[in-house]
Structure formats: C-alpha cells, structure tokens
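Written below as structure tokens is the structure these notes are about.
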Amino acid sequence: MTILDTSVVIDKVKLRKPINEDVTAVTLVEYPKIVYYKYFYGGIIFPIKQDFILAHRLQLVLLKIGKPQAFSDLLIAAIVINRDEELITRDQDFNYIAKAAEKLRYSMKVKIIQP
C-alpha cells in the first residue's frame, strides 16, 4: 500500500478528494482533523520499537553527511521502510533520508510530487 505524508493529506482534504492510502501516527498528530474527514478510507499506522531504532540509525548517517532531519520525517521514513511501503510526499528532504537508508542497506520507496 501507499503512505501519504501530511502535506499530501492536507492537499487532498482541501480539494475534497478521497484518501484511500494509509497515513502514519505522525500525520494523526500533525493534522488531527484527518479522523473527521468523511472521505478518509485509509488506515493509521502506529510506530513500533523497530521504527524508532531505524529512525535513530538514519539520523546517525545523516549527521555524518551534515544533513540532519526532523524527528517526524525520520519516523515516517522508518515506518515506510520497515513495512516496505511507498511514501508520497512534497518534501524534498526525504531524498536525503532515502540516501541514508541506502547506506544502511535499506531501500526506501519515495515519490516526491509537486503541489
């Protein structure tokens, strides 16, 4: 399945488009109205211990290359990687995270779209 980043969710809500994709608990916190959106048909994926561990490992790599990232983005990326899903986002910073994942021998599927 596909996971939407918060920015994409907000865009879809503004356009009153249905959301069939999943979101993470990060989006639930960043955009709490999602649970009341009548066209939200996806699920909410909550992080587990392994997600936090992978987010930490990704940040270590990113710190070494001088590109530290926000905790929320690292957690979203870890959830996506650990579940072998694809992330759809507008945030270019996920390219750095995907490169860090490669250094750790993980593959992160990310599709960056324009607004």
Side-chain angles (χ1 to χ4, degrees):
M1 185 121 196
T2 302
I3 296 174
L4 300 182
D5 192 16
T6 307
S7 59
V8 177
V9 167
I10 292 169
D11 289 345
K12 285 190 168 219
V13 170
K14 284 180 182 176
L15 296 171
R16 291 192 172 98
K17 289 187 174 182
I19 299 173
N20 298 306
E21 301 86 356
D22 290 338
V23 300
T24 67
V26 173
T27 295
L28 177 67
V29 173
E30 290 178 335
Y31 190 70
K33 293 179 186 180
I34 188 62
V35 297
Y36 304 110
Y37 183 54
K38 67 180 179 180
Y39 302 115
F40 177 60
Y41 306 110
I44 300 170
I45 302 172
F46 288 86
I48 57 173
K49 180 180 176 181
Q50 288 81 3
D51 298 323
F52 291 98
I53 292 168
L54 179 54
H56 175 260
R57 293 182 66 210
L58 290 166
Q59 186 74 303
L60 288 173
V61 172
L62 290 159
L63 284 166
K64 283 184 184 177
I65 62 172
K67 298 286 183 186
Q69 298 299 312
F71 168 73
S72 58
D73 288 350
L74 292 165
L75 188 57
I76 290 168
I79 289 168
V80 168
I81 292 166
N82 282 334
R83 288 156 187 79
D84 195 29
E85 302 287 355
E86 178 184 39
L87 176 67
I88 298 178
T89 184
R90 289 192 296 128
D91 186 347
Q92 296 284 335
D93 288 339
F94 279 100
N95 283 326
Y96 296 121
I97 300 172
K99 288 178 183 168
E102 287 176 16
K103 290 184 183 239
L104 294 172
R105 299 181 189 252
Y106 289 97
S107 175
M108 181 178 173
K109 296 178 265 186
V110 59
K111 180 179 179 181
I112 300 177
I113 60 172
Q114 300 302 317

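Reckoned from all heavy atoms, side chains included, excluding hydrogens, waters and symmetry mates. In this text, all values refer to a predicted model and were calculated from it rather than measured experimentally.
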*Pairing residues for D84 by the salt bridge (Lys or Arg N to Asp or Glu O under 4.0 Å) criterion, not counting sequence neighbours*: K109
*Could you name each residue pair satisfying side-chain hydrogen bond (donor to acceptor under 3.5 Å, both in side chains) that touches residues 60-82, not counting sequence neighbours?*
D51-N82
*Sort and list the pairs that fulfil salt bridge (charged side-chain N to carboxylate O under 4.0 Å, His left out) and have at least one residue in residues 91-100, not counting sequence neighbours.*
none
*Results of side chain to side chain contact (heavy atoms under 4.5 Å, CB included) for A101 - residues two or more places apart only*: L58, I81, Y106, M108
_Listed partners of S7 passing side chain to side chain contact (heavy atoms under 4.5 Å, CB included), at least two apart_ = D5, T89, R90
*Partners of Y31 by ring pair (Phe, Tyr, Trp, His ring centres under 6.0 Å), sequence neighbours excluded?*
none
*Are there more than 12 heavy atoms of other residues, nucleotides or ligands under 6.0 Å from atom CZ of F40?*
yes
_From CD (Q50) to CZ (R83), nearest 0.5 Å_ = 8.5 Å
*E21: partners by salt bridge (Lys or Arg N to Asp or Glu O under 4.0 Å), with sequence neighbours left out*: K12
*Of I76, I97, T2, which meets side-chain contact (heavy atoms from CB on, under 4.5 Å) against L87?*
I76
*asked:* Taking ring pair (Phe, Tyr, Trp, His ring centres under 6.0 Å) as the definition, give me every residue that meets it alongside Y39, ordered by chain and number, with sequence neighbours left out.
replied: Y37
*Mind checking what makes side-chain hydrogen bond (donor to acceptor under 3.5 Å, both in side chains) contact with N95, not counting sequence neighbours?*
Q92
*asked:* Holding to side-chain hydrogen bond (donor to acceptor under 3.5 Å, both in side chains), I want the full list of residues that pass it with E30, two or more places apart in sequence or in another chain.
replied: T6
